[in-house]
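Written below as structure tokens is the structure these notes are about.
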Amino acid sequence: MRRALAGVVAVATALTLAACGADGVTDESAEAGFGVAQLQSPDQVEGVREPIRGTVSIASNGCLRLLIDDGTSPWIVWPPDSELADNGGVIADGSRYYDGDALVGAGVLVELTDLPDGDNPDSYFSSFGGYCGADETGVVVLDAVAHAEA
């Protein structure tokens, strides 16, 4: 029992320290646990930016995914200056996004290891992305986002 408790404390400490790292995460995003996954600047991730369209999906563990028409559901890294909204949503580019909201934007689909320190298991992005299954589903880095027209 004592060994199990020590393991839980060690994992919690590691995640807390990872959230405090300087690997592209804003201070605001670290205030509420993992916060909103975002980069300080879109140029932190290389790749050709393309139009992105999909539907926001909030998993039972609170992770945000983008359901894309091709059947994929990558973990979302939101535009810089995004923040948590009430009820588990996100405020990005001046709008609120919740589970089921259709959005359009510009961005790039990448692997978790393409994010800053994404290949370092102790980093913010690796810890957060790993928790959200991004090592299996991939990542969509959104540079800009808006609600899709109905």
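In this structure the side chain of Pro42 reaches within 4.5 angstrom of the side chain of Pro80, judged on heavy atoms. For the pair Val56 and Asp99, the minimum side-chain heavy-atom distance is 4.5 Å or more. Side chains of Thr72 and Pro74 form a contact here, defined as non-hydrogen atoms less than 4.5 Å apart. A heavy-atom distance below 4.5 Å is found between the side chains of Pro116 and Val45.
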Please tabulate, one pair per line, all N/O donor-acceptor pairs under 3.5 Å involving side-chain atoms of residues 102-115, not counting sequence neighbours.
unit_1 : atom_1 : unit_2 : atom_2 : d
Asp114 : OD2    : Glu111 : N      : 2.9

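One hydrophobic cluster holds both Ile58 and Ile52 under the rule that ILVMFWY side chains link at heavy-atom gaps under 4.5 Å. If you chain together hydrophobic residues whose side chains sit under 4.5 Å apart, Ile68 and Ile76 fall into the same group.
Dense packing is recorded around CG of Asp70, with more than 12 heavy atoms of other residues, nucleotides or ligands lying under 6.0 Å away.
Sorted by first and then second residue, the side chain to side chain donor-acceptor pair (under 3.5 Å) pairs involving residues 130-146 (not counting sequence neighbours) are Arg49-Asp143, Arg65-Thr137.
When all heavy atoms are compared, the tightest approach of Tyr97 to Ala92 is CE1-O, 3.5 Å. The shortest heavy-atom contact between Ala85 and Val90 is CB-N, 3.8 Å.
Judged purely by atom type and a 3.5 angstrom limit, Asp93 has no side-chain atom pairing as donor or acceptor with the backbone of Ala144. Under a 3.5 Å cut-off, the side chain of Ser123 and the backbone N or O of Ser126 do form a donor-acceptor pair. A donor-acceptor contact shorter than 3.5 Å is absent between the side chain of Ser127 and the backbone of Tyr124.
Atom CG in Asp117 sits 10.0 Å away from atom CD in Gln44 (nearest 0.5 Å). A distance of 9.0 Å separates OG of Ser73 from CG of Leu66, quoted to the nearest 0.5 Å. Here Cys63 contributes atom SG and Phe128 contributes atom CZ; the two are 6.0 Å apart, rounded to the nearest 0.5 Å. The line from CH2 of Trp78 to CG of Leu64 is 6.0 Å long, rounded to the nearest 0.5 Å.
Annotation: side-chain hydrogen bond (donor to acceptor under 3.5 Å, both in side chains) contacts of Arg96 (sequence neighbours excluded): Asp86.
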